Amino acid sequence: MLRCGLLGEKLGHSYSPRIHHELGNYEYLLYEKSPDELGSFLTSQSFDGLNVTIPYKKAVIPYCKELSPTAQRMGSVNTIVRRSDGTLYGDNTDAMGFTAMVQQSGIAISGKKALVLGTGGAALTVRTCLQQMGASAVVMISRSGPDNYDYLDRHADAQIIVNATPVGMYPNTGVAPLSLSLFPHCEGVLDVVYNPARTALILEAEALKIPCCSGLYMLVAQAAGSSEQFTGRMIPPTEIQRIERMLRRQMENIVLVGMPGSGKSTVARKLAEVLNRPVFDSDAWVEEQAGMSIPEIFRTQGEEAFRQWETKALAQLGKGSGAILSTGGGCVMREENYPLLHQNGVIIQIKCDTKKLARKGRPLSQGSDLDQMAAIRAPHYARFADYIVDNNGKLENTIQQILEVLK
């Protein structure tokens with residue numbers, strides 16, 4: 001069996017093994033190596049194929065006897081293959097990945113002015129690809145130099161924005177390198193970041209109804225290019241699409257919203273059992289952090305203090321991946337909570353007749369007109385929710401409805 005893997009200095013959690021498991025029948029390990037270990041590892045006989053990530057995409061070049069034309073042009077290597085004579089061949093499939101991402105997004109590049117945010121290896125790859133796609137101009141935006149973030153007004157006519165920086169990447173989510181409001185002619189936004197699924201930049205593009213695409217498709221497509229180098233087997237675009245959809249489903253949180261007492265916590269626990277996912281409750285998080293129950297917070301600090309605690313909970317829980325998240329009934333009343341939940345989640349409203357809503361332990365439900373509360377909150381639930389599921393019948397039926405919409 002081929003011995004393949006990912007080479008980097010600090011790899012942490014990586015989706016690459018999962019992707020390559022789907023792409024081919026070969027071993028795929030994570031090789032965390034310090035700069036001092038790099039040379040001895042690359043000259044060893046312990047691997048047949050490698051993906052290379054930060055900070056070694058340039059450092060590996062002297063160890064390669066030959067580079068592909070793409071790797072030569074990019075000045076960086078992300079794929080290494082050991083040839084039959086034992087020598088190393090270096091290639092770069094990042095360009096293939098970005099090109100596939102653009103094609104998948106449907107965003108037209110030819111004849112358009114593009115801004116590329118960043119000047120690192122990813123940005124240089126993006127620039128080359130955009131030029132090859134026929135962009136009329138490609139401007140690199142950096143933190144210094146003539147084209148920096150303080151002089152973006154010079155490029156207000158930009159039509160394509162590409163983020164090739166780590167800004168907005170997990171765990172530092174919720175920030176963007178710039179505001180799209182500065183670019184009234186923007187026709188497309190691409191972000192090479194894939195975790196979270198929707199960076200703050202992508203969320204703004206969605207809100208402005210600008211076509212956009214995150215970096216997950218690029219990640220899978222460049223991995224497919226590497227796998228072809230490892231095995232010599234061509235991988236069709238349909239396979240890339242299948243793996244991207246599978247990975248997106250696995251990464252995406254399932255977020256439950258709905259009226260207090262509608263059964264969100266019960267549904268979340270059962271759904272977690274069925275899907276073998278972790279489950280989190282924003283109210284439980286608030287109680288743990290505040291050191292008191294929700295009714296006590298309302299009594300001693302007031303509703304506004306609770307809402308602030310709740311937003312903190314959603315900020316922390318919402319940027320995670322692959323979990324079931326049960327939220328408080330009123331979280332939809334604060335618009336700032338939407339991007340916190342939507343950045344990495346599909347949002348499902350659990351709907352229940354008001355006469356069936358539980359009131360115990362829910363400060364706002366006790367003594368309130370629940371029909372009136374439901375009417376006030378209805379447009380906010382509609383704004384947040386991707387899907388609505390009826391929870392007036394058996395729990396098993398509710399779970400089945402959710403499984404259906406997740407397909």
Side-chain angles (χ1 to χ4, degrees), residues 8-10 35 52-61 70-78 92-99 101-102 105 107 109-196 198-205 208 210 212-215 218-219 222:
E9 185 174 13
K10 295 180 181 178
V52 184
T53 190
I54 297 171
Y56 296 138
K57 290 188 177 185
K58 292 184 183 295
V60 299
I61 290 177
T70 301
Q72 290 179 30
R73 186 170 60 250
M74 298 295 181
S76 69
V77 165
N78 84 324
N92 190 312
T93 63
D94 286 333
M96 172 186 169
F98 180 74
T99 301
M101 172 187 176
V102 175
S105 74
I107 295 171
I109 302 298
S110 181
K112 307 292 175 60
K113 177 177 179 177
L115 295 191
V116 179
L117 312 182
T119 55
L124 295 174
T125 297
V126 168
R127 180 181 66 180
T128 301
C129 291
L130 293 174
Q131 290 170 337
Q132 291 176 338
M133 292 176 195
S136 61
V138 181
V139 180
M140 309 282 282
I141 303 297
S142 63
R143 285 174 289 185
S144 60
D147 292 310
N148 62 58
Y149 292 93
D150 293 327
Y151 297 99
L152 290 173
D153 56 323
R154 296 175 178 174
H155 305 293
D157 59 339
Q159 297 156 290
I160 306 295
I161 308 291
V162 184
N163 179 39
T165 77
V167 176
M169 182 187 296
Y170 178 87
N172 301 311
T173 64
V175 293
L178 50 71
S179 173
L180 296 176
S181 64
L182 300 172
F183 306 97
H185 305 289
C186 185
E187 300 175 15
V189 176
L190 300 155
D191 197 327
V192 301
V193 172
Y194 58 85
N195 186 14
R198 302 172 189 87
T199 60
L201 185 68
I202 292 295
L203 288 168
E204 185 182 6
L208 294 172
I210 299 173
C212 56
C213 186
S214 294
M218 177 179 174
L219 178 72
Q222 65 82 23

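Worth saying up front: this structure is predicted, and the values here are computed from it rather than measured.
Using a distance-only test at 3.5 Å, with no hydrogens or angles considered, a donor-acceptor pair links the side chain of T199 to the main chain of I202. With T99 contributing its side chain and A95 its backbone, the two residues share a donor-acceptor pair below 3.5 Å. Between the E204 side chain and the L201 main chain, no donor and acceptor come within less than 3.5 Å of each other.
Side-chain contact between L190 and S105 is present, with heavy atoms from C-beta onward closer than 4.5 Å. Between E9 and T53 there is no side-chain heavy-atom pair separated by less than 4.5 Å. You'll find the side chain of M133 stays beyond 4.5 Å of the side chain of K112, heavy atoms only. Between F183 and L152, some side-chain heavy-atom pair lies under the 4.5 Å cut-off. In this structure, the side chains of M74 and D94 stay at 4.5 Å or more apart for every pair of heavy atoms.
A salt bridge between D191 and R198 is absent, with no side-chain N of the basic residue lying under 4.0 Å from a carboxylate O of the acidic one.
Atom CD1 of residue I141 and atom CG of residue N163 lie 12.0 Å apart, to the nearest 0.5 angstrom. The line from SG of C129 to CD1 of I109 is 10.0 Å long, rounded to the nearest 0.5 Å. To the nearest 0.5 Å, atoms CG (L208) and OG (S181) are separated by 8.0 Å. Atom CZ of F98 sits about 9.5 Å away from atom SG of C213, to the nearest 0.5 Å. For the atom pair R127 CZ and L115 CG, the distance stands at 13.5 Å (nearest 0.5 Å).
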task = List the steps and the verdict of side-chain contact (heavy atoms from CB on, under 4.5 Å) for M218 and V102.
result = CA-CA 9 Å; M218 177 179 174; V102 175; over 6 Å; no
Notebook entry, point to check: M101 and Q222: side-chain contact (heavy atoms from CB on, under 4.5 Å), yes or no, with the steps?
Noted result: CA-CA 10 Å; M101 172 187 176; Q222 65 82 23; over 6 Å; no
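Closest of all the heavy-atom pairs between P196 and T173 is CD-CG2, 3.6 Å. Considering all non-hydrogen atoms of both residues, A71 and V77 come closest at CB-CG2, 4.1 Å. When every heavy atom of V126 is checked against every heavy atom of A164, the shortest pair comes out as CG2-CB, 4.4 Å. In this structure, A205 and C212 approach most closely via the heavy-atom pair CB-CB, 3.8 Å.
Checking L180, I107, I160 one by one against V189, the side-chain contact (heavy atoms from CB on, under 4.5 Å) holds for a single residue, L180. Exactly one residue among V138, V139, T125, I161 makes a side-chain contact (heavy atoms from CB on, under 4.5 Å) with V116. That residue is V138.
Applying the side chain to side chain donor-acceptor pair (under 3.5 Å) test to every pair with at least one member in residues 136-155, sequence neighbours left out, gives these pairs: K113-H155, D147-H155.
The number of heavy atoms from other shown groups lying within 6.0 Å of CD1 (I54) does not exceed 12.
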